[in-house]
Amino acid sequence: MERVLITGVAGFIGSHLADRFLAEGFEVVGLDNFITGNPKNIEHLSGRDDFRFVKHDVSVPFYIDEKIDYVLHFASPASPVDYLKIPIQTMKVGSLGTHNMLGLAKKHKARILVASTSEVYGDPLVHPQKEDYWGNVNPVGPRSVYDEAKRFQEALTMAYYRFHSVDVRIVRIFNTYGPRMRLNDGRVIPAFIGQILRGENLTVFGDGSQTRSFCYIDDQVEGIYRLLMSDYVGPVNIGNPEEISILDFAKELLNLTNNSELQIDFKPLPQDDPKRRCPDISLARDLLDWEPRIGRKEGMKRTLDYFHSLTPEEIKQAEHKDFSRYIKP
Ligand code: NAD
Ligand code: UDP
């Protein structure tokens, strides 16, 4: 039986990857320190003999005797609210954590896939974003702790490929959503859903004209799985090219949930908030024969079902976060 090591396994994407690899017949070893994850996300896996969880901070080296065949390095805070609260840990897991996982992959002669992000494109001057665009990142702005850690991660990964011949894959993930996101992680979809569940107005930052392109988790996991099993070295965008402004998305969600009485409150736009974001997925289409299958309406329905299953206590606890620390004075 082949063995996969997944870092960030108690997080949103990591826990779905664990489910997928177990379903494909792999044995899964999962690492997490719960800094932004939730033990509940992997609760259903406890007691299985093909799943093992180790509580560990991957910015510290990790050793394991059993042979590892694949490494999926997904540990990292991913929400701007999270990584602005824990900037140093974010930089460490993207740099030291990646170094540790590349070292582990080298020792085990394992294939490693690292989770990169559309944030490597920064506030993009090219639209939609293709893998050969180098980006427009502010290296000293508040978001740089995440963006630059991920750019360093990509560079280190390619160095291990070129210098040590480690078998590497890089996925550039665009905004992904679905069940098991934390209601209070601050990302726009759980933020809006939390507000709706608590009967509050939706907070749109800026005038809401900035765009995002939202990919449902099952499509994302399929893309990652196909990329890992492909023989392509180099970054590949995985995301849904259906682009929408944040204001239109807020209105769409109010419609979808029949909440005509709730309003939209406009708040200041956080510094360096990208104005546009949309993946060009021609490479993934050609290489992996992959494209998203689940549209926003269906994806949001499934996501809302999940959040409706939370207890009133869990919903209450997830009150809106204070963004003042990173709003431009
Ligand atoms: P998440 O916060 O839900 O999950 C991240 C997990 O990593 C958490 O369980 C957290 O506890 C764990 N973690 C963080 N630092 C750690 C450390 N030092 N040691 C051990 N575990 C640690 O976020 P997510 O949305 O699931 O994102 C997963 C990965 O995908 C991240 O690398 C993120 O950068 C990348 N990504 C996600 C998106 C998205 O839209 N969800 C977009 C681009 C990139
Ligand atoms: N956003 C918003 N209201 C919120 C949370 C986020 O208008 O309550 C906006 C945010 O400014 C950004 C977009 O939604 O333009 C997506 O934000 P998110 O934090 O999900 O991730 P990003 O794509 O910026 O990394």
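In this chain, residues are counted from 1 in sequence order. Both ligands and their constituent atoms are indexed starting at 1 by order of listing. The model shown is predicted, which means the values in this text are computed figures rather than measured ones.
Remark: the Asn100 side chain and the His73 side chain contain no N/O donor-acceptor pair separated by less than 3.5 Å. A donor-acceptor contact under 3.5 angstrom links the side chains of Gln195 and Thr203, judged on distance only.
Numbered from 1 in the order shown, with element, the atoms of ligand 2 that lie under 4.0 Å from a heavy atom of Ala191 read 8 (O). For ligand 2, the atoms closer than 4.0 angstrom to any heavy atom of Gly186 are 5 (C), 19 (O). Close approach of ligand 2 to Glu119 (heavy-atom distance below 4.0 Å) involves ligand atoms 25 (O). The contact set between ligand 2 and Ile246, taken as ligand atoms under 4.0 Å from a residue heavy atom, comprises 7 (O), 13 (C), 14 (O). Residue-ligand proximity, Val204 to ligand 2, at heavy-atom distances under 4.0 Å covers atoms 7 (O). Near Asp273, with a cut-off below 4.0 Å to any heavy atom, the atoms of ligand 2 are 10 (C), 11 (O), 12 (C), 15 (O).
Under the 30°/60° scheme for interplanar angles, the aromatic rings of Phe214 and Phe249 are found to be tilted. Below 30°, between 30° and 60°, or above 60°: for Phe51 and Phe53 the angle between ring planes is below 30°, a parallel geometry.
On a distance-only criterion, Arg212 and ligand 2 share at least one N/O pair closer than 3.5 Å.
Within the set Phe205, Phe249, Tyr146, the minimum heavy-atom distance to atom 1 (N) of ligand 2 is found for Phe205. Evaluated by nearest non-hydrogen atom to atom 21 (O) of ligand 2, the leading choice among Asp185, Asn175, Val188, Leu269 is Asn175. In this structure, of Arg276, Arg187, Arg143, the residue bringing a heavy atom nearest to atom 24 (O) of ligand 2 is Arg143.
A salt bridge (Lys or Arg N to Asp or Glu O under 4.0 Å) with Glu242 is found for one member of Lys297, Arg212, Arg296, Arg293 and no other, namely Arg296. No option in Ile68, Thr7, Val58 other than Ile68 meets the side-chain contact (heavy atoms from CB on, under 4.5 Å) test with Leu104.
The residues lining ligand 1, counting any heavy atom closer than 4.0 Å, are Gly8, Ala10, Gly11, Phe12, Ile13, Asp32, Asn33, Phe34, Ile35, Thr36, Gly37, His56, Asp57, Val58, Ser59, Phe74, Ala75, Ser76, Ala78, Val93, Ala115, Ser116, Thr117, Tyr146, Lys150, Ile173, Asn175, Thr176, Arg187.
Contact between Arg277 and ligand 2 is present, with at least one heavy atom of the residue lying under 4.0 Å from the ligand. By the 4.0 Å heavy-atom criterion, Ser79 is excluded from the residues contacting ligand 2.
Pairs engaging residues 167-176 under the side-chain hydrogen bond (donor to acceptor under 3.5 Å, both in side chains) rule: Arg111-Asp167, Tyr121-Arg172, Glu154-Arg172, Asp167-Arg169, Asn175-Arg277, Thr176-Gln220 [sequence neighbours left out].
Residues passing the side chain to side chain donor-acceptor pair (under 3.5 Å) test with Thr311, sequence neighbours excluded: Glu314. The ring-ring contact (aromatic ring centres under 6.0 Å, His included) test applied to Phe62 returns His56, not counting sequence neighbours.
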Quiz item: Stepwise, does the salt bridge (Lys or Arg N to Asp or Glu O under 4.0 Å) test hold for Arg151 with Glu148?
Solution: CA-CA 5 Å; Arg151 288 169 68 96; Glu148 295 294 8; 3.6 Å; yes

Exercise. Could you check Glu119 against Lys150 for salt bridge (Lys or Arg N to Asp or Glu O under 4.0 Å), going step by step and ending with a plain yes or no?
Key: CA-CA 8 Å; Glu119 292 283 318; Lys150 292 291 186 177; over 6 Å; no

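The proximity of Gln210 to ligand 2, defined as any non-hydrogen pair under 4.0 Å, is limited to the side chain. For Thr203, heavy-atom contacts with ligand 2 shorter than 4.0 Å involve the backbone as well as the side chain.
Within a 6.0 Å sphere centred on OH of Tyr225, other residues, nucleotides and ligands contribute more than 12 heavy atoms.
Ring-centre distance between Tyr177 and Phe12: not below the 6.0 Å cut-off.
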